[in-house]
Structure formats: structure tokens, C-alpha cells
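All values below come from the heavy atoms of this structure, side chains included, with hydrogens, waters and symmetry mates left out. Throughout, protein chains are lettered first and strands after them, A, B, ... in sequence-line order, and every chain is numbered starting at 1.
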Number of protein chains: 2
Amino acid sequence: MARLPLYYRALLETAEREVSTISSERLAELAGVNAAKVRKDLSYLGSYGTRGVGYDVEYLLHEISRELGLTRDWPVVIVGIGNLGRALANYRGFGARGFRVVALVDANPELVGHPVGELAIEPVDELDRIVAEREIAIAILATPAVAAQEVADRVVAAGVTSILNFAPAVISVPEGVSLRKVDLAIELQILSFYQLRKFSAAAGESRPAEAAS
Amino acid sequence: MARLPLYYRALLETAEREVSTISSERLAELAGVNAAKVRKDLSYLGSYGTRGVGYDVEYLLHEISRELGLTRDWPVVIVGIGNLGRALANYRGFGARGFRVVALVDANPELVGHPVGELAIEPVDELDRIVAEREIAIAILATPAVAAQEVADRVVAAGVTSILNFAPAVISVPEGVSLRKVDLAIELQILSFYQLRKFSAAAGESRPAEAAS
DNA sequence: CGGTGTGAAGCCTTTCACAGCA
DNA sequence: TGCTGTGAAAGGCTTCACACCG
């Protein structure tokens with residue numbers, strides 16, 4: 001369920017405030033969803049709440065992190081160290097819980113060897129070896145659009161089974177490989193779409209709404 | 001409809017190859033969706049296809065770009081010029097069609113005045129004036145989580161009606177303001193979730209699937 | 001024939017509403 | 001009394017299947 005990470009973050013913040021128990025309503029508010037949804041979602045994990053009281057924050061945190069696989073350590077490779085790749089490499093925030101960037105790879109020979117944070121950029125020729133040796137299961141693609149599919153094919157062949165694609169291209173992967181995409185241009189175009197409708201909404205109603213990701 | 005940008009990109013690529021006509025099936029393949037969906041989506045824009053032939057690429061491009069508001073020019077402000085903000089500022093790709101970054105804003109006084117690409121970083125105090133004067137309707141937030149809600153409130157008060165939030169925080173906006181979020185940590189956690197299920201999928205079926213954005 | 005446009009069926013998600021338990 | 005857990009209803013999106021047209 002794609003909302004678990006939202007609950008997880010909300011619970012983390014709650015735990016920091018040393019609140020030990022939380023209601024579905026409060027959790028819903030923090031996560032930006034509705035209370036019934038929270039209860040239904042959590043009920044899939046089992047019955048961790050106490051009627052009349054709410055959910056135990058620590059216990060729920062533990063259960064969700066187990067469910068999300070955050071108790072494990074996931075080595076990650078970033079392919080394509082341009083503007084975005086570099087920013088992602090420097091991003092403090094997934095090092096936090098479970099995700100560890102263990103390799104930076106780029107096709108440009110001039111970049112190879114350059115340090116970014118604590119890692120040095122490695123050549124794309126060695127991608128297969130890197131993925132295999134370091135047991136990488138998750139790859140982040142930040143390459144140009146034209147290279148995305150080829151890189152995806154290579155990392156999948158080398159053993160990667162989850163891809164997060166930042167390249168502005170549709171890529172296809174074999175069954176059994178998870179693929180998620182983050183596309184800046186598309187997000188902006190969607191906003192533009194709603195934006196346009198706001199001005200022309202002089203007469204009649206038409207709700208611009210909050211198009212969630 | 002959130003798939004229009006996908007079709008748009010696919011059509012652009014098709015047009016570059018000087019193909020003048022395209023079937024729903026081919027377009028579906030390029031966009032990574034199914035053909036019935038393409039036809040249904042396009043039918044909402046009107047009947048632009050020719051039975052037995054397909055869609056006219058140029059005409060369809062024109063109609064979609066009009067629908068998406070890409071014929072307009074959208075001034076954009078980026079707030080928070082850290083790793084990510086800087087990468088976004090340097091990102092060639094939305095300058096391409098309709099989106100023009102006209103201001104970079106940061107709360108850190110030491111950053112103010114520093115050039116990033118063709119723009120200089122401006123202080124967050126002037127956010128209101130900047131948004132109003134430059135008629136900015138779209139704001140990209142790349143601030144730390146704690147600052148996100150406050151910045152959102154300020155840009156909305158100043159006239160912004162669309163926000164693209166990269167900060168790892170749930171923010172709320174008044175009705176009528178569009179909000180989309182891109183959250184790296186959440187994307188990775190979702191991949192982790194499916195990843196976990198792949199290993200434990202020794203017995204029985206359980207499809208990891210392609211969880212789309 | 002080939003491929004669009006579209007009713008209708010199917011499926012999945014969200015929401016409601018309330019029984020039941022601490 | 002308060003809040004969870006959950007059947008049932010509602011709604012929306014996707015897919016099917018085929019009539020219809022160039």
C-alpha cells in the first residue's frame with residue numbers, strides 16, 4: 001500500500017514529540033488523508049489499535065517499518081551523475097532509513113573518478129560487476145532520456161529488481177521488476193492543465209482539486 | 001487527465017521521426033499504457049481520429065498542447081536552493097515548453113546574490129513581491145521539511161495557485177490551489193515494500209507489479 | 001479491412017455508517 | 001463514552017467488445 005510511507009513519517013514525527021498513542025483521525029490529518037482510509041489500511045496489517053484509545057505509536061512504527069522492509073538495508077546505485085544525479089547522491093534523507101547509496105555510475109569518461117560526497121564516480125562499463133558484487137537490488141536512473149531504456153536493461157540483467165526512473169522517458173521492464181517514475185516535466189504539465197482551467201472557470205463550477213501523486 | 005503529458009511526449013518523438021499518422025495501439029505502446037485507454041482519453045478531447053487510419057500526429061499534438069496549456073508561458077519560482085533546488089534550477093527541459101524559471105529564492109542570507117545559471121538567488125523576505133510582480137502562478141518547493149508549510153502559505157497568499165512540492169512533508173493548501181508532490185523517500189520505500197515481497201514469494205503467487213506513479 | 005468511438009461490464013478504491021470492544 | 005474494525009454502498013477507472021465509418 002502506497003500510503004504506508006506517509007503514515008510512517010507521520011508516526012516518526014509523533015514519536016519525536018513523545019506522544020505514545022494516536023487516533024486514526026489525528027494520523028489521517030498528519031498524513032493528509034481521511035480517517036476511514038487510515039483505519040482500513042492499518043486493518044490490513046492486523047489489528048494493532050485499541051478501541052476507545054487509538055494506536056500505540058511505537059508499536060505501529062515498528063510494524064510499519066517491518067512491513068515496508070525498512071529494517072533491512074538496501075544498497076542503491078545511481079546511474080547518471082548530471083545535475084539531478086549529483087543532487088540525489090548528496091541527498092541526506094534516505095541514508096536515514098535503510099537506503100544506502102553504494103555506487104555512482106556515469107557514461108562520461110571525464111566524470112569517472114571524480115568524488116561526489118564519499119563516493120567516486122565509476123564507469124558504466126562496470127555496471128554489471130558493481131550491481132552483482134555489491135548485491136544491489138535498487139537502481140535510480142537519472143540519465144538522459146535516450147539512455148534510460150538501455151541502462152534499465154543492463155541493470156535488470158545484472159540483477160536489479162526495482163527501478164526508480166527520473167529520466168523523462170517511458171521505459172519497460174520485465175515482469176517481476178518494479179518500476180516507479182518521477183517526471184518533473186509531467187508534473188508541471190499536469191499543474192499547467194489545472195491552472196488553465198482555473199482562469200476559464202469564470203462561469204460554472206469545475207474543481208481544480210488536489211491531484212495527488 | 002494525468003496521461004496527456006505522456007501522449008504528448010510520445011507524439012513529439014513520433015513527429016520528429018516524420019511519421020504523420022499514428023494508431024491508438026502504437027501510441028499506447030509508446031506511452032506505456034493500453035490502447036483502449038488511449039482511445040477513451042482522446043475521445044474526451046473530441047473526435048480527432050480517423051477510423052481505419054489513426055490519429056494525425058501534428059493535429060493531435062496541437063490539440064493536446066492546447067489542452068495542457070503549453071501554448072501559454074508559465075513563470076515559475078523555485079524556493080529552496082539546496083542540492084535539489086539547484087539541480088532543478090539547472091534542469092534544461094521545462095524551459096523547453098512553456099515553463100520558465102524566473103526566480104530562485106532561499107532563506108539562507110549567505111546564498112542570496114549567488115548566481116545559479118542565469119539567475120541570482122533572492123531573499124525569502126521578498127517572496128511576496130517577486131510572486132506578485134512577476135505574475136508567478138506556479139511554485140516549486142525544494143525546502144527542508146520544516147519550512148515547507150510556511151513557504152506554501154506565503155506563496156499562496158502572494159498569488160500562487162499551483163505548487164509542486166519536493167519537500168518530504170505533507171502540506172495543505174486552500175481549496176482552489178493545486179498541489180502535487182514528489183517524494184524521493186516515499187518512492188524508495190514503496191520499492192522496498194515490493195522488494196521485500198519478492199523474496200518471500202517462494203510459495204504462492206503475489207504480483208510485485210509495476211506500481212505506477 | 002483496419003482502427004476509432006463508446007456503451008456496458010468488471011474491478012478496485014474510497015467512503016459511509018455502525019456494531020463492538022476497552 | 002470514544003474510537004477501532006469492517007460490512008456494505010458508492011464512485012471512479014479500466015477493460016472489453018463491438019458497432020460504425022473511412
Polar side-chain atom of [X] near backbone of [Y] as donor-acceptor pair, under 3.5 Å:
X	Y	answer
B:Trp74	A:Leu191	no
A:Ser192	A:Leu188	no
A:Asp106	A:Ile81	yes
A:Asp183	A:Glu187	no

Query raised in the report: Which residues, if any, of residues 5-32 of chain A bring a heavy atom under 4.0 Å of DNA chain C?
Result: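 Close to the strand, none.
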Could you tell me how far apart [X] ([atom1]) and [N] ([atom2]) are, to the nearest whole angstrom?
X	N	atom1	atom2	answer
A:Arg39	C:dT13	CZ	P	19 Å
A:Leu45	D:dG5	CG	P	10 Å
A:Asp41	D:dG5	CG	P	12 Å
B:Lys37	C:dT4	NZ	P	17 Å
B:Leu42	C:dG3	CG	P	16 Å

**Report entry** Distance-only donor-acceptor check, side chains A:Thr161 and B:Gln195, under 3.5 Å
**Finding:**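 B:Gln195 and A:Thr161 do have a side-chain donor-acceptor pair below 3.5 Å.
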Query raised in the report: When you check the side-chain N and O atoms of A:Ser24 and A:Lys37, is any donor under 3.5 Å from an acceptor?
Result: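 Result is no, nothing qualifies.
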Return the polar atom pairs (N/O with N/O) between nucleotides 19-22 of chain C and the protein under 3.5 Å, or none.
residue : atom : partner : partner atom : Å
C:dG20  : N3   : A:Arg51 : NH1          : 3.3

Of the non-hydrogen atoms in [X] and [Y], which two are nearest, and what is the gap between them?
X	Y	result
A:Val160	A:Ala137	CG1-O, 3.4 Å
B:Pro75	B:Glu135	CG-O, 3.7 Å
B:Val170	A:Ala31	CG2-O, 3.8 Å

Is there a side-chain contact between [X] and the phosphate of [N], meaning an N or O under 4.0 Å from OP1 or OP2?
X	N	value
B:Arg3	D:dT14	yes
B:Tyr55	C:dG5	yes
A:Tyr48	D:dC3	no

Requested in this report: Sequence neighbours left out, what passes side-chain hydrogen bond (donor to acceptor under 3.5 Å, both in side chains) with A:Asp128? Give chain and number order.
Outcome: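 Applying side-chain hydrogen bond (donor to acceptor under 3.5 Å, both in side chains) to A:Asp128 gives A:Arg154.
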Query raised in the report: Is there a side-chain contact between B:Ser178 and A:Lys198, using heavy atoms and a 4.5 Å cut-off?
Result: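 Yes, at least one pair of side-chain atoms sits under 4.5 Å.
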Requested in this report: Please tell me if the side chains of B:Phe99 and A:Gln189 come closer than 4.5 Å, counting only heavy atoms from C-beta onward.
Outcome: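 Heavy-atom side-chain distance check passes, below 4.5 Å.
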Polar atoms only, N or O, under 3.5 Å: list the protein pairs with nucleotides 7-10 of chain D and their distances.
residue : atom : partner : partner atom : Å
D:dG7   : O6   : A:Lys40 : NZ           : 3.2
D:dA8   : N6   : A:Lys40 : NZ           : 3.4

Query raised in the report: Any salt bridge between B:Glu25 and B:Arg39, counting N to O under 4.0 Å?
Result: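 The answer is no: the pair does not qualify as a salt bridge.
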Report task. Could you name each residue pair satisfying ring-ring contact (aromatic ring centres under 6.0 Å, His included) that touches residues 31-52 of chain A, not counting sequence neighbours? Result ->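 Checked against ring-ring contact (aromatic ring centres under 6.0 Å, His included) - neighbours excluded - the pairs reaching residues 31-52 of chain A are A:Tyr48-A:Tyr59.
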Requested in this report: Name the nucleic acid region contacted by B:Tyr44, choosing base, sugar-phosphate or nothing; use a 4.0 angstrom heavy-atom cut-off, strictly under.
Outcome: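 The residue B:Tyr44 makes no contact with any strand.
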**Report entry** Angle by which the axis turns from one end of the helix from C:dC1-D:dG22 to C:dA22-D:dT1 to the other, five pairs per end, to 10 degrees
**Finding:**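 For the helix from C:dC1-D:dG22 to C:dA22-D:dT1, the axes at either end differ by 10°.
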